[in-house]
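Report on the structure given below.
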Amino acid sequence: MRSQIHLFSASELSRLLRERKISSEELTRAFIERTEQTEERIQAFISYDAEYTLTQARLSDRRRSEGKIHGPLDGIPVSIKDIIAEKDQPLTCGSRFMEQFCSPYDATVIQKLRGQGAVLWGRLNLDEFAMGSSTEHSAFHVTHNPWNPDCVPGGSSGGCAAAAAARQTPLALGSDTGGSIRQPAALCGVCGLKPTYGRVSRYGLSAFASSLDQIGPIGRTVEDIALLLQAIAGHDEYDSTSLREEVPDYLLALREKCSPKRIGIPREYFAEGLDAEVRDSIESAIEFYRSQGHEIIELSLPHMDYAIPVYYVVATAEAASNLARFDGIRYTHRSAHHDAIDIYFRSRSEGFGPEVKRRIMLGTYVLSSGYYDAQYLRAQKVRTLIRQDFLEAFKSVDFLLTPTSPTTAFKMGDRSANPLAMYLSDIYTVSANLAGIPAISIPCGFSTKNLPIGLQILGPLFSEGKLLQMAYAFESEHDFSSREAPL
Ligand code: GLN
């Protein structure tokens, strides 16, 4: 068993710990070793400190020997997207601007994980400030897809998905503003969930677009992401947008039998641009649910065509505002110029990469006087229409079932020179963020080139438990989540 520890899911590892068949130090070491063996080919991490991680594992073992463990995550490694603040650890946000920055405090999700005994394991690669769909916009290095190293892992949480798929970590925390958890999860053959807006505290997540950002779990099985969601969900007085809604028992929800549901298939998600193999896999998944006694209903979300344009107005406007604080004065990169205006100007020119600059320019443009009404205000109105499309749909169906991404993982370099092609990677994911609703992506097939395909299930506000249950029903009858990437 010892040489195979990295192949176990977080839930299995938690059971082995409980039965005293393994120690946290042993299993944490296994993931560190696995990473050392594979990282040259994957490059999922921006940084890690093995000693700091092992110290936490030993503390967990001590708690266990004293009968004082803090729950199912105690002793289990969780890796963190390098945009979520972890005290005294580097926080680069994938940006040169933050290259030298160490966080002076913990994000609320990190504090929660520490409180539950999780072992924080490394800082994962991402597109700069989470802006991108391939992790190619990281200022440091690209990350390779474990299923094919010539392909991207998706983004912006590409490091999270690649590390989970390469079994370098059992669990990872990512962030999703327009698809950044679900799309890389789909492209790497793992599970990812974007919670309802306000379900998880954003305190300590470097803001990209504050009205869209959510932190969420990535892992190899549905049960694992339920475990991690359980640990991080809930109201937080440090985030005024986090909601007071009670957190249900997500693991209990998994074990309940799924009663017959009405599943909506939105026509707009199956139009032009959808890869034929992806379509086939999604159609098989639809047939599976039908065979399980669920009712399948075709319907329309009439404003979906506007999702990408609306997203790129709202997200860039918020990004331009949020990134204004990076001025080279208070912290992070400072240019070696003396005049104050020069410092602002040069620090920002030197610190931000091209994609971030593009977003700041777009956002500044849509917010500028004379354009605000025509661009930003109008986008907000269409955002409301998109949200209403979902509200309307959820009057007649319980869930919506769609592809997560229109294609499987694409080749490195294929879309990096063409921002529009890159932006279209998120055509099926951005609308959940615009509407604030939760959505999950799980593996549902493989292409002829052996690249994973992801199924997206969307539900009404706070339906995470039911989404996990539906996903679990699929996972239990298929082996897609347990296949190993050819590393
Ligand atoms: N790919 C989308 C973008 O670049 C979404 C990113 C995200 O969810 N953080 O904006």
Side-chain angles (χ1 to χ4, degrees), residues 80-84 93-95 124-139 143 152-161 172-188 192-195 197 200 202 205-218 307-323 352-363 366 379 383 404-407 409-410 414-416 418-441 454 456:
I80 311 295
K81 184 177 183 179
D82 202 2
I83 193 166
I84 300 173
C93 301
S95 180
L124 294 165
N125 200 17
L126 69 158
D127 289 296
E128 185 173 1
F129 288 103
M131 298 174 189
S133 306
S134 67
T135 316
E136 291 166 293
H137 299 316
S138 165
T143 293
V152 303
S156 65
S157 314
C160 296
L173 269 191
S175 66
D176 190 312
T177 305
S180 277
I181 288 176
R182 291 160 286 157
Q183 183 258 15
L187 270 42
C188 290
L193 185 141
K194 181 202 90 73
Y197 184 77
V200 176
R202 293 182 294 113
L205 167 67
S206 292
F208 160 10
S210 314
S211 78
L212 303 161
D213 298 340
Q214 268 295 286
I215 294 175
I218 294 180
I308 286 279
V310 166
Y311 172 82
Y312 276 95
V313 172
V314 174
T316 56
E318 293 184 16
S321 313
N322 278 323
L323 296 182
F352 291 134
E355 182 59 29
V356 174
K357 285 180 185 157
R358 180 169 17 247
R359 307 275 177 124
I360 293 174
M361 286 189 280
L362 279 170
V366 300
R383 179 179 185 177
T404 307
S405 158
T407 65
F410 44 92
D414 258 14
R415 297 185 194 169
S416 44
N418 182 347
L420 268 187
M422 190 70 91
Y423 295 173
L424 285 170
S425 313
D426 298 299
I427 188 157
Y428 302 142
T429 48
V430 293
S431 50
N433 303 74
L434 291 169
I437 60 174
I440 191 170
S441 177
Q456 180 175 235

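Owing to the predicted nature of the structure, the values given are computational and were not obtained by experimental measurement. Note that ligands are numbered from 1 as they come in the structure, with each ligand's atoms numbered from 1 the same way. Positions are given from 1 along the sequence.
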Between Phe129 and ligand 1, find which residue part has any heavy-atom pair under 4.0 Å and reply side chain, backbone, both or neither.
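Answer for Phe129: neither.
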
Under a 4.0 Å heavy-atom limit, does Ser156 contact ligand 1 with its side chain, its backbone, both, or neither?
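Only the side chain of Ser156 comes within reach of ligand 1.
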
Hey, is the main chain of [Y] close enough, under 3.5 Å, to the side chain of [X] for a donor-acceptor pair?
{"X": "Ser134", "Y": "Gly155", "result": "no"}
{"X": "Thr135", "Y": "Gly158", "result": "yes"}
{"X": "Asp213", "Y": "Phe208", "result": "yes"}
{"X": "Lys194", "Y": "Gln214", "result": "no"}
{"X": "Glu318", "Y": "Ser211", "result": "yes"}

So Tyr423 and Tyr312, would you call those rings parallel, tilted or perpendicular, with 30° and 60° as cut-offs?
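Tyr423 vs Tyr312 ring planes: parallel.
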
Looking only at protein heavy atoms, which one is nearest to [atom], and how far off is it?
{"atom": "atom 10 (O) of ligand 1", "result": "Tyr311 OH, 2.6 Å"}
{"atom": "atom 1 (N) of ligand 1", "result": "Asp426 OD2, 2.6 Å"}
{"atom": "atom 6 (C) of ligand 1", "result": "Ser180 OG, 2.9 Å"}

With no hydrogens and no angle check, just 3.5 Å: does a side-chain donor-acceptor pair link Arg415 and Ser133?
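Distance-only check fails for Arg415 and Ser133.
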
Check: Gln183/Ser405 side-chain N/O donor and acceptor closer than 3.5 Å:
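No.
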
Would you indicate which of Arg359, Glu355, Met422 comes nearest to atom 4 (O) of ligand 1 when only heavy atoms are counted?
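Heavy atom nearest to atom 4 (O) of ligand 1 belongs to Arg359.
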
If you count the atoms of ligand 1 from 1 in the order shown, which ones are under 4.0 Å from a heavy atom of Phe208?
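Atoms satisfying the 4.0 Å criterion: 9 (N), 10 (O).
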
Side chain or backbone, does [X] bring an N or O within less than 3.5 Å of an N or O on ligand 1?
{"X": "Gly155", "answer": "no"}
{"X": "Ala130", "answer": "yes"}
{"X": "Met131", "answer": "no"}
{"X": "Thr177", "answer": "yes"}

